[in-house]
Number of protein chains: 2
Amino acid sequence: MLFPMKRFDTDLSDGQLKEKILDAADKRFKTQGFKKTAMAEIAGDLGMSTANLYRYFPSKLDIAESFAIRCFITKEQSLKAVVEAENMSSSEGLRAFALASLHYNYQQLQEYPAINDIVVALCAERPDLVERKRSGELELLALIIARGKKSDGWCVGDINELGEAILTSWIMFTTPTFMQHQTLAQLEKVLGDILNLTINGLRPRT
Amino acid sequence: MLFPMKRFDTDLSDGQLKEKILDAADKRFKTQGFKKTAMAEIAGDLGMSTANLYRYFPSKLDIAESFAIRCFITKEQSLKAVVEAENMSSSEGLRAFALASLHYNYQQLQEYPAINDIVVALCAERPDLVERKRSGELELLALIIARGKKSDGWCVGDINELGEAILTSWIMFTTPTFMQHQTLAQLEKVLGDILNLTINGLRPRT
DNA sequence: ATAGTGAATATTTAATATATTATTCATAGT
DNA sequence: ACTATGAATAATATATTAAATATTCACTAT
């Protein structure tokens with residue numbers, strides 16, 4: 001073999017440094033947004049050269065993409081805890097899931113307004129991410145629907161189609177532009193009304 | 001009296017010219033959007049000076065606002081015809097109303113992509129218009145809900161709150177940004193699924 | 001007084017030059 | 001070969017200026 005093979009711990013150390021870079025980017029992105037964060041800043045925070053960042057990520061946009069995916073995973077883990085709570089009926093579970101999602105989004109937007117900037121940039125440049133996010137949450141919602149079908153006889157045809165319909169009816173509560181014009185109380189009220197209708201629609205006819 | 005009173009037909013003729021101006025603005029706005037339409041173009045189309053426009057509208061933005069309100073009224077009239085159709089059950093009426101609204105929005109966006117530009121400008125500068133539009137459509141939707149309550153025993157608490165919830169669940173079908181990424185068939189499918197759920201939720205329990 | 005205008009002024013937008021920043025690459029140290 | 005860097009280049013953003021456009025106003029005609 002002409003070239004020696006990689007050291008077996010290369011992936012690990014690479015992975016660790018990638019995480020460090022993402023940690024640094026995370027802080028900058030959340031406070032400054034995408035455009036106003038410079039590669040030199042991220043590198044500086046880590047005491048390394050700008051050029052070295054490119055050994056770990058092909059571009060700034062790719063850092064933002066990985067950052068976004070980490071955000072998705074964090075939110076999904078937080079929602080997963082809600083889905084897995086055992087002390088609720090299916091209806092209460094669905095309600096809790098929707099409210100948890102709203103509260104999470106609202107709080108993030110409140111704490112890091114610059115996030116809006118990243119959302120806009122990624123929606124334009126990496127449209128697949130939108131689908132990635134939706135499908136992650138759909139997977140969790142599908143668990144709730146499946147449980148409701150089994151234990152409460154919810155009227156469900158195709159679980160994924162139903163899940164997509166429900167998620168679509170929640171767009172107002174996941175889109176920064178819309179959320180920004182309303183108070184949390186207003187959002188909770190309307191979401192509650194939508195949920196009443198949805199849950200009623202799911203319950204079986206006697 | 002020092003100043004003679006207004007000629008009694010002044011309001012009428014003023015009103016007529018205002019309409020003429022709006023007709024001219026309509027053509028320009030729909031094809032060129034807000035920013036790219038110049039006051040000089042509108043005036044030129046009418047064979048008058050730019051300055052004269054200001055005798056009828058205080059600003060370009062006010063012309064756009066009146067234009068938007070005319071658009072709302074046109075859409076509302078078209079929806080009103082659907083609401084007033086006698087040959088449908090309440091459920092069919094609701095379904096027809098939602099689909100008519102989607103088709104109207106989709107067709108407008110398809111025929112006049114520049115409309116997006118006007119929507120953005122007006123949402124930023126005249127946020128009240130959003131509320132004006134919503135309340136206009138809410139009024140019509142409320143008629144359908146009231147009829148369903150009366151004739152089919154739909155479970156309705158506050159009609160307006162329910163109407164707002166339903167309209168909110170339809171945001172995806174009234175927002176250019178979202179519509180642009182989907183085909184009409186996709187939009188129809190998801191809206192149909194949402195409607196199934198909604199209508200099921202409204203029907204009384206036996 | 002009412003309808004209208006040309007010309008002056010104030011804002012916006014478009015074009016350009018300038019400066020930052022992203023990205024690449026040849027090279028050094030291990 | 002692996003990690004890393006400084007310096008070069010390419011792409012973007014910022015600042016500056018020029019041009020276009022919105023808006024005002026003093027004035028004409030009726």
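Both backbone and side-chain heavy atoms feed into the values below; hydrogens, waters and symmetry mates do not. Residue numbers start from 1 in every chain, and the chains themselves are labelled A, B, ... in the order their sequence lines are given, proteins ahead of strands.
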Practice prompt. Among D/dT21, C/dT23, D/dG6, find the nucleotide with the atom closest to the side chain of B/Ala38.
Written response: D/dT21
Worksheet entry | Note, A/Ile115 side chain near A/Tyr112 side chain (heavy atom, < 4.5 Å) | yes
Worksheet entry | Spacing between A/Ile42 atom CD1 and C/dT21 atom C1', to the nearest angstrom | 12 Å
Worksheet item: B/Arg55 CZ to C/dA3 P: how many Å, rounded?
Response: 5 Å
Item to complete: Taking the side chain as every heavy atom from C-beta outward, state whether A/Ser59 and A/Ile63 have any pair of such atoms under 4.5 Å apart.
Response: no
Fill in: B/Asp117/B/Lys36 ion pair, N-O < 4.0 Å
no
Worksheet item: In whole angstrom, what separates A/Leu61's CG from D/dA11's P?
Response: 16 Å
Discussion item. I'd like to know if B/Arg28 pairs up with B/Asp45 as an ion pair, taking the criterion as any Lys NZ or Arg NE/NH1/NH2 lying under 4.0 Å from an Asp or Glu carboxylate oxygen.
Written reply: yes
Worksheet item: Base, backbone or nothing for each nucleotide of nucleotides 24-30 of chain D, written B, S, -, heavy atoms under 4.0 angstrom, 5' to 3'?
Response: BB-----
Worksheet entry | Closest nucleotide among C/dA22, C/dT5, D/dT3 to the A/Lys60 side chain | C/dA22
Worksheet, complete the sentence: Separation of D/dT3 atom C1' from A/Gln16 atom CD, nearest Å, is 15 Å
Worksheet item: What is the distance, rounded to the nearest whole Å, between atom CG of B/Asp117 and atom P of C/dT13?
Response: 10 Å
Discussion item. I want to confirm an ordering. Mapping A/Lys35 and A/Leu53 to their closest nucleotides on DNA chain D, which one lands closer to the 5' end?
Written reply: A/Leu53
Worksheet item: Within this structure, what is the CG-to-P distance between B/Asp62 and D/dA22, rounded to whole angstrom?
Response: 14 Å
Worksheet item: Where the side chain of A/Asn52 is concerned, which of D/dA4, C/dT5, D/dA22 is the nearest nucleotide?
Response: D/dA4
Worksheet item: To the nearest Å, how far apart are B/Glu41 CD and C/dT13 P?
Response: 14 Å
Item to complete: Check whether NZ of the Lys or CZ of the Arg B/Lys18 lies under 6.0 Å from the centre of the six-membered ring of B/Tyr56 and within 45 degrees of that ring's axis.
Response: no
Worksheet entry | Lys/Arg N to Asp/Glu carboxylate O, A/Glu76 vs A/Lys133, below 4.0 Å | no
Practice prompt. Rounded to the nearest angstrom, tell me the gap between atom CG in B/Leu17 and atom P in C/dA3.
Written response: 9 Å
Worksheet item: Under 3.5 Å, side chain of B/Arg147 to main-chain N/O of B/Val83, donor-acceptor pair present?
Response: yes
